[in-house]
Amino acid sequence: MRLLMPYSGIVKGVLGMLARHELSANQRKPHIRQLIYVALPCALLLALANYLQSGYPLPGMIVAVTALLMLGTAFFLSSQEKLLAMAESLLLLFALLASVTLGLLGGIAGSGILWIYAFPFLALWLKGQRQGAQWSLVWLLAMAFSMLAGSSIFPFAYAYDEKFLLQASVALLFYTGIALAYNFSRSQLEEKLYVSEQGIQAKTRDYMAKLEQAAYQDGVTGLPNRLRLLDILGREISAAQERGHTLLVAHIRLKKMFETANIIGTDASDKLIRNIAATMTATVGSRGIFARIRRDEFVCIYRKHSEDISATEIIKDVLAFRLEYKINDYAIHIDHTIGVASFPSHAVDAETLLRKAAQAMLQAQFANQGLAFYDERLDQQFSRQQLLFAQLHEALQKGGLSLHYQGLIDLQSGAVIGAEALARWIDPVSGPIAPSEFIPIAEKSGLIKPFTLWVMREAFAQLARWRAEGLDLFVSINLSSRSILDNQLVDDLRDLLKEFNLPAEYVVLELTEASFADSPETALQTILSLHKLGFRQSIDDFGTGYSSLSYLKNLKIDELKIDQSFMRSMATDASSRAIVQSTIQLAHNLNLKVVAEGIENAKTEQQLKEMGCDLAQGYYYCKPMPADVFNQWARSWQINRRAVLSA
Ligand code: C2E
Ligand code: CA
Ligand code: CA
């Protein structure tokens, strides 16, 4: 048996048992029809020849009748796909019957059976390799029987002479052999085709899998990407729902990744990102799933079980990554901001959960915290900010903003000598919006630059008008800490001086201590440049920041504006008075003028006068007002003052 094993492939091949491709009924249908078109006239012609030529016309008649009946039926059956196999069998059965009839009855004088050698090919063509081979073998046996044994059993059978029998048998075997050899080589060819097709299919599958991976996976870390994250989170939500778990979704933004990447290069920054991903994944362990959704942003889905420590503790313990790395000998520390939303308390669908986690991250970022939980109220604030941002943008373009002016009084002479420009915005939908609300929005959104430029231009224009009208005033302009870092500010101010033909000393620029917090070097440079241009500069809200007084010495600053909170507490609080007093003294020692703002009553004014304060501003004198109202107020103030003086 074992010896035969190597040959079993050949045997199977010969018998067509290895055939891979079977034609479908639809593909075979035209074959059988074509065959019947050829076979029917051929069979009838042959029958006619037999009928006319042989000594006895029986075989011809049998062939003709069976041909008409069987081939006709086969043709009829072949019109339906379901009956096609039956039609094929009928056709072969006819061929077999005709072969046996002619074999038994001897065809045209015994030699009219040559055509039947086509049978094996016909069978293979019609029935395919496997069944075709079976039909051929049946046919071979039937032919051998009818020709060899027929005459000894049936009296009417044709008696072949021995020489003819030998020739016919050899021919039979020869044709059958060729058909089987054809079957064998075809099997082999099919096998080869099959193998290469399998290879192509495997390669295609591989390629498709890679494509799919690229669509759903981050190329650098191999983590799921944003697209895939939605899917994963959706599934995690369903699982958590079933098991009654909580999910914490943490949106993690790495700080200054862009700058870091610029310094260390793309390869190193990819390595860094991979390290960060590995650290985070390892820290969180099997309860967390990570995705990388942008260059510097990751999302972690954490499965919190009910018996776990509190969510806050998890976030603090588990997600408090220490992201410190050594890349190509650089020691790099990466800070991050995390926003967390949880399922089911904040949202029950993946998209909202992700949005709220991102929102929480932004909330943390704005509050300058490392971590924040999603907060509904902050979210509403956010929506309002978004709305205001859009409205402010429009107001800037369509001239929806205005400036009000509040007088600055010289405490010694009592004269109004300047005015602070304060922005006002009345939105047609939202109504009046306080600068304390819209200026931070402008600062965060990048609108601060066009806004500041607008304020400066407007204030310069007003200053030019006052001077043209003979009002000898200076104007104070507030500069946000962001504006100080804008390297175009100095050029803009220089251009405005030229455009309005104004001397710079009539403009006071009010800065806050926050201006020096982020980038003190840049701020110092700008202040120096502005000083050189001749602008006066003032530190607004003085006393509220953390900076020491000593740095003032090195700043090219002209004045301090003591914060209004001190004015409010001065009346009752001795320490406030002491602070104001010593600030005034120190400022004078440093050759700086002092402005007190937020003066609301005569008593405070009196105290400040006694302390030697230079300038005063507050509701006690006037509220901020539109330019034309301010003009009237300023003129009547000067007239009244003159009257008081001359009285
Ligand atoms: P600030 O520069 O400290 O301006 C003084 C604020 O105190 C003004 O509020 C003014 O109306 C108010 N004020 C003046 N006197 C009194 C008083 O006697 N009592 C009380 N309770 N308040 C008084 P406003 O106009 O709402 O401005 C708030 C802040 O918004 C300003 O504080 C300033 O930081 C900012 N701001 C206003 N306009 C501009 C601007 O054009 N550019 C920039 N960057 N910031 C501006
Ligand atoms: Ca101010
Ligand atoms: Ca102030």
Side-chain angles (χ1 to χ4, degrees), residues 388 392 395-396 400-409 416 418-426 432-463 474-486 489 492-493 496 507-515 526 536-545 557-571 580 583 594-605 608 613 615-627 629-630 633:
L388 288 186
L392 181 59
L396 266 170
L401 296 167
S402 66
L403 283 186
H404 279 196
Y405 296 89
Q406 188 179 26
L408 283 144
I409 313 294
V416 49
E420 177 176 4
L422 293 160
R424 292 292 175 264
W425 175 27
I426 302 175
I433 297 146
S436 54
E437 186 171 14
F438 72 79
I439 284 169
I441 293 174
E443 282 177 334
K444 283 175 207 163
S445 64
L447 285 179
I448 193 70
K449 191 172 169 159
F451 168 75
T452 305
L453 195 59
W454 173 83
V455 170
M456 294 190 307
R457 167 175 293 277
E458 192 72 15
F460 271 59
Q462 187 56 50
L463 180 63
F474 66 82
V475 71
S476 266
I477 298 172
N478 291 286
L479 289 182
S480 128
S481 55
R482 289 287 169 104
S483 304
I484 288 294
L485 300 179
D486 175 5
L489 179 77
D492 286 344
L493 279 164
L496 284 171
V507 177
V508 176
L509 301 171
E510 295 192 7
L511 323 170
T512 58
E513 286 168 290
S515 306
T526 309
R536 279 154 61 195
Q537 291 172 90
S538 170
I539 305 272
D540 202 355
D541 303 339
F542 189 79
T544 54
I557 285 290
D558 303 273
E559 119 194 340
L560 293 186
K561 216 169 166 179
I562 301 173
D563 191 65
Q564 24 181 304
S565 57
F566 293 100
M567 304 310 130
R568 250 166 260 142
S569 50
M570 248 172 65
V580 174
T583 307
V594 182
V595 185
E597 67 175 335
I599 295 162
E600 295 187 354
N601 51 56
K603 189 176 171 204
T604 315
E605 181 193 49
L608 288 164
C613 184
L615 292 170
Q617 176 185 359
Y619 293 172
Y620 176 58
Y621 311 101
C622 66
K623 288 200 164 179
M625 48 205 152
V629 186
F630 177 86
W633 171 83

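First listed ligand is number 1; within each ligand, the first listed atom is number 1. All residue numbers refer to positions in the sequence shown, counting from 1.
Here the heavy atom of the protein found nearest to atom 31 (C) of ligand 1 is Leu422 CD2, 4.3 Å. At the top of the distance list for atom 11 (O) of ligand 1, counting protein heavy atoms only, stands Pro624 CG, 3.3 Å. Protein heavy atom closest to atom 7 (O) of ligand 1, with residue, atom name and distance, is Gln564 NE2, 2.6 Å. Looking from atom 45 (N) of ligand 1 to the surrounding protein, the closest heavy atom is Ile439 CD1, 3.2 Å. Protein heavy atom nearest atom 29 (C) of ligand 1, with residue, atom name and distance: Pro435 CB, 4.4 Å. Among all non-hydrogen protein atoms, the one lying nearest atom 16 (C) of ligand 1 is Tyr619 CE2, 3.2 Å.
Once rounded to the nearest 0.5 Å, the distance linking OG of Ser481 with CD1 of Ile448 reads 8.5 Å. Atom CD of Glu513 sits about 6.5 Å away from atom CD1 of Ile539, to the nearest 0.5 Å. A distance of 7.0 Å separates CG in Asp541 from OG1 in Thr512, rounded to the nearest 0.5 Å. Separation of atoms CG (Leu401) and CD1 (Ile433) is listed at 9.5 Å; rounding is to 0.5 Å. Taken to the nearest 0.5 Å, the CG atom of Leu493 stands 9.5 Å off from the OG atom of Ser483. Rounding to the nearest 0.5 Å gives a distance of 13.0 Å between CG of Leu608 and CD1 of Ile409.
The backbone and the side chain of Ala423 each have at least one atom closer than 4.0 Å to an atom of ligand 1 (non-hydrogen atoms only). Within the 4.0 Å heavy-atom criterion, the part of Glu597 lying near ligand 1 is the side chain and not the backbone. With a heavy-atom cut-off of 4.0 Å, Phe451 touches ligand 1 through its side chain alone. Within the 4.0 Å heavy-atom criterion, the part of Arg424 lying near ligand 1 is the side chain and not the backbone.
Remark: side-chain polar atoms of Ser515 are not paired, donor with acceptor, to backbone N or O of Leu511 under 3.5 angstrom. Within the 3.5 Å criterion, the main-chain N or O of Ser402 finds no donor-acceptor partner in the side chain of Arg424.
Around the Ca ion (ligand 2), the protein N, O or S atoms found under 3.0 Å comprise Glu420 OE2, Asn478 OD1, Glu510 OE1, Asp540 OD2.
Within a 6.0 Å radius of CZ in Arg457, other residues, nucleotides and ligands contribute 12 heavy atoms or fewer. Around the CD1 atom of Ile426, the shell of radius 6.0 Å holds no more than 12 heavy atoms that belong to other residues, nucleotides or ligands.
Which parts of ligand 1 touch Asp541 is read off a 4.0 Å heavy-atom cut-off, strictly below it: atoms 3 (O). Close approach to Val455 involves these atoms of ligand 1, each under 4.0 Å from a residue heavy atom: 41 (O). If you number the atoms of ligand 1 from 1 as listed, the ones under 4.0 Å from a heavy atom of Gly598 come out as 16 (C), 17 (C), 18 (O).
Within the 4.0 angstrom cut-off, atom 9 (O) of ligand 1 has no protein heavy-atom neighbours. Counting protein heavy atoms under 4.0 angstrom from atom 27 (O) of ligand 1 gives one or more.
Residues that satisfy the side-chain contact (heavy atoms from CB on, under 4.5 Å) test with Tyr619, not counting sequence neighbours, are Gln406, Glu600, Lys623, Pro624. For Phe630, the ring-ring contact (aromatic ring centres under 6.0 Å, His included) partners at least two apart in sequence or on another chain are Trp466, Trp633.
Judged by distance alone, the side chains of Asn601 and Thr604 do bring a donor and an acceptor atom under 3.5 Å apart. For the residue pair Glu510/Ser538, the side-chain donor-acceptor check at 3.5 Å is not satisfied.
Any N or O atom pair closer than 3.5 Å counts here, and Glu600 shares at least one such pair with ligand 1. Taking only nitrogen or oxygen atoms, main chain and side chain alike, Gln617 does not reach within less than 3.5 Å of ligand 1. The shortest N or O to N or O distance between Tyr620 and ligand 1 is not below 3.5 Å.
Of the candidates Gln406, Glu420, Met567, Glu510, the one placing a heavy atom closest to atom 15 (N) of ligand 1 is Gln406. Atom 2 (O) of ligand 1 has its nearest heavy-atom neighbour, among Asp563, Asp540, Thr604, Leu479, in Asp540. Of the candidates Thr512, Ile599, Asn478, Leu401, it is Asn478 that places a heavy atom closest to atom 33 (C) of ligand 1.
Residue pairs meeting the salt bridge (Lys or Arg N to Asp or Glu O under 4.0 Å) criterion with at least one member in residues 444-454, sequence neighbours excluded: Lys449-Asp486.
Taking each heavy atom of Gly407 and Cys622 in turn, the nearest pair found is N-SG, 3.3 Å.
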